[in-house]
Amino acid sequence: MSNNFYNEVYAVVRRIPAGQVTSYGRIAHMLGRPRAARAVGYALNALEEGRSRADGTAVPWQRVVNSVGRISLVNRENSAQHQAELLRAEGVLVTAELTLDMDKYLWPGLTLWELDEILGGHGS
DNA sequence: ACAGTGACAACAT
DNA sequence: TATGTTGCCACTG
């Protein structure tokens, strides 16, 4: 709540198309905070069953993995498996070791105008 | 206000 | 190549 950063993260994640993925670090970079990767993960952790608390809209958190294309919830087996299944349901090939091919599924990213919207810019 | 924490990432062995 | 260690940022008591 009152966390502008969280909302920015959610806004970006919501733009990731099904079947594609990106990393925490890339999202941080898009938001102009190249070193805030951990904070991005923290933001997703604050989600309630995949919905943002603020507006309750869905946030496809499963499309965010670490920089080497591996599901980062390995410390939480259940959640990690859940994420893997959600991705597979979207057509993403996830190995038993919870890794996927970044070169193949990487999301190109936001367009400049989309990013401008999220950052509160008012399309000039 | 201060110290601890965590769904990361880059660097160093 | 495979671990271990060190910064980083924003959030929480």
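Convention: sequence-line order gives letters A, B, ...; per-chain numbering from 1. In what follows, every heavy atom counts, from backbone to side chain, and hydrogens, waters and symmetry copies are set aside.
- Nearest-nucleotide positions on DNA chain B place A:Ala39 closer to the 5' end than the other of A:Ala39 and A:Val68.
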Requested in this report: Please report the C-alpha distance between A:Thr57 and A:Arg51 in whole Å, then the side-chain angles of each, then the deciding distance to 0.1 Å, and finally whether the side chain to side chain donor-acceptor pair (under 3.5 Å) criterion is met.
Outcome: CA-CA 5 Å; A:Thr57 54; A:Arg51 329 270 140 187; over 6 Å; no

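- Proximity note for A:Arg35 (side chain, C-beta onward) versus C:dT12, C:dC9, B:dA9: the nearest is C:dC9.
- A sub-4.0 Å separation between OP1 or OP2 of B:dA9 and a side-chain N or O of A:Ser67 is present.
- Rounded to an integer number of Å, the gap from OH of A:Tyr24 to P of C:dA10 is 18 Å.
- Between A:Arg63 and A:Glu90 there is a salt bridge, since a side-chain N of the basic residue sits under 4.0 Å from a carboxylate O of the acidic one.
- Computed from coordinates, the A:Leu31 CG to B:dC8 C1' distance equals 14 Å when rounded to whole Å.
- For A:Ser23 and B:dA9, the shortest distance from a side-chain N or O to OP1 or OP2 is below 4.0 Å.
- The distance from atom CD1 of A:Ile27 to atom C1' of C:dC9 is 15 Å, rounded to the nearest whole Å.
- The nearest whole Å value for the distance from the CG atom in A:Asn66 to the P atom in B:dG6 is 18 Å.
- Regarding A:Phe5, its CZ atom lies at a distance of 18 Å from the P atom of B:dG6, rounded to whole Å.
- Distance CG (A:Leu98) to P (B:dC8): 14 Å, rounded to an integer number of Å.
- Closest contact between the side chain of A:Arg33 and the listed nucleotides B:dA9, C:dT12, C:dC9 involves C:dC9.
- With C:dC9, B:dA9, C:dG7 as the choices, the nucleotide that has an atom nearest any side-chain atom of A:Arg38 turns out to be C:dG7.
- A salt bridge links A:Glu117 to A:Arg15: one of the charged nitrogens lies within less than 4.0 Å of a carboxylate oxygen.
- Within the nucleic acid shown, A:Ala36 comes within 4.0 Å of sugar-phosphate atoms alone, with no base atom in reach, counting heavy atoms only.
- In this structure, A:Gln81 and A:Leu98 have side chains that are in contact, with non-hydrogen atoms separated by less than 4.5 Å.
- For A:Asn4 and C:dA10, the CG to P distance is 11 Å, given to the nearest whole Å.
- Computed from coordinates, the A:His29 NE2 to C:dC8 P distance equals 15 Å when rounded to whole Å.
- The shortest side-chain heavy-atom distance between A:Leu86 and A:Trp61 falls under the 4.5 Å cut-off.
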